[in-house]
Peer 1: 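Pasting a structure below so you can have a look.
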Amino acid sequence: AQSVAQPEDQVNVAEGNPLTVKCTYSVSGNPYLFWYVQYPNRGLQFLLKYITGDNLVKGSYGFEAEFNKSQTSFHLKKPSALVSDSALYFCAVRDRAKSSGDKLTFGTGTRLAVRP
Amino acid sequence: KAGVTQTPRYLIKTRGQQVTLSCSPISGHRSVSWYQQTPGQGLQFLFEYFSETQRNKGNFPGRFSGRQFSNSRSEMNVSTLELGDSALYLCASEVGTSGRTGNEQFFGPGTRLTVL
């Protein structure tokens, strides 16, 4: 069965500093990987995805993520954090393998807190 | 394009009652997925509909059901409500194809259900 792990419940960073939100995954085949962000009382907003090709994926609001197949990781990064980046971040995986279907599996979420 | 809409946004019910939630996907999207979000369990997949057929189902009891109409609008129903059903219910739409793809899902704002 496919799964996603976000090992940190919360990440704290000062404004202007780089940030990293960690994600590791487990699938039987090759993955499609996604990052979403959720602001209070809102639905999830899509940030970026990895399908194939370049391991470094660039997304919305200056975020990027690096796919590492050997480490089965897809960490979210941003060179300079903003206070407005404070939100709940979810990593998700979809297994390309036929037996797993199309279900999108989410991690438990990481709360990012950026202090001024 | 208008985003995913969900109605109602807030709902208060009592134990034993039933509830129907509605989701209108982005125009042209044929796949609709439903998720339950709670502080303790995170994002849990309920089911996915594609072209009026349930394509995937999560591990929820039969009290949770759904359907999709020919215009891709979807409803989910929860019968015999329990206190533990209190949650944010999120709907997500996707372009959707008969095969497996790396398309991202677009989420609605959710319906906040409170069961008293």
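None of these values were measured; they are calculated from a predicted model. Chain A is the first sequence line, chain B the second, and so forth, proteins listed ahead of strands; every chain is numbered from 1.
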Peer 1: Does B:Arg73 CZ have over 12 foreign heavy atoms under 6.0 Å away?
Peer 2: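 Count over threshold, so yes.
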
Peer 1: If I measure from the heavy atoms of chain B, does A:Leu88 come under 4.5 Å with its side chain, its backbone, both, or neither?
Peer 2: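 Answer is side chain: those atoms of A:Leu88 sit under 4.5 Å from chain B.
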
Peer 1: Measure the shortest side-chain to side-chain distance between B:Gln37 and A:Phe90 over non-hydrogen atoms and say whether it is less than 4.5 angstrom.
Peer 2: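 Counting from C-beta outward, B:Gln37 and A:Phe90 do come under 4.5 Å.
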
Peer 1: How far apart are the C-alpha atoms of B:Leu43 and A:Gln38, what are their side-chain angles, what is the distance that settles it, and do they pass the side-chain contact (heavy atoms from CB on, under 4.5 Å) test?
Peer 2: CA-CA 12 Å; B:Leu43 269 169; A:Gln38 185 178 33; over 6 Å; no

Peer 1: Please indicate whether A:Tyr61 has more than 12 foreign heavy atoms, meaning atoms of other residues, nucleotides or ligands, lying under 6.0 Å from its OH.
Peer 2: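 Open.
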
Peer 1: Determine, using the 4.5 Å side-chain heavy-atom cutoff (strictly less than), whether B:Val115 and B:Trp34 are members of one ILVMFWY cluster.
Peer 2: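 Per the 4.5 Å side-chain linkage, B:Val115 and B:Trp34 are co-clustered.
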
Peer 1: Should the heavy atoms of other residues, nucleotides or ligands under 6.0 Å from CG of B:Asn59 be counted, would the total exceed 12?
Peer 2: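 At most 12 heavy atoms, drawn from other residues, nucleotides or ligands, come within 6.0 Å of this atom.
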
Peer 1: A:Phe46 vs B:Phe106 aromatic rings, parallel, tilted or perpendicular, using cut-offs 30° and 60°?
Peer 2: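 Correct class here is tilted.
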
Peer 1: Would you give the length of the straight line joining atom CD of B:Glu104 to atom CG of A:Leu47, rounded to the nearest 0.5 angstrom?
Peer 2: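 The CD atom of B:Glu104 sits 11.0 Å away from the CG atom of A:Leu47.
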
Peer 1: Please say whether more than 12 non-hydrogen atoms of neighbouring residues, nucleotides or ligands are located less than 6.0 Å from CZ in B:Arg9.
Peer 2: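 Atom CZ in B:Arg9 is packed in, count exceeds 12.
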
Peer 1: Less than 4.5 Å to any heavy atom of chain A: does that hold for the side chain of B:Gln41, its backbone, both, or neither?
Peer 2: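 No part of it gets close to chain A.
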
Peer 1: State the CD-CZ distance between B:Gln105 and A:Arg94, to the nearest 0.5 angstrom.
Peer 2: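 CZ of A:Arg94 is found 5.5 Å from CD of B:Gln105.
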
Peer 1: Sequence neighbours left out, cut at 3.5 Å: what donor-acceptor pairs do the side chains of residues 9-26 of chain A make with other protein atoms?
Peer 2:
residue, atom, partner, partner atom, Å
A:Gln10, NE2, A:Asn12, OD1, 2.9

Peer 1: Counting only heavy atoms closer than 4.5 Å, note whether B:Tyr35 contacts chain A via side chain, backbone, both or neither.
Peer 2: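 Side chain of B:Tyr35 only, per the 4.5 Å heavy-atom cut-off to chain A.
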
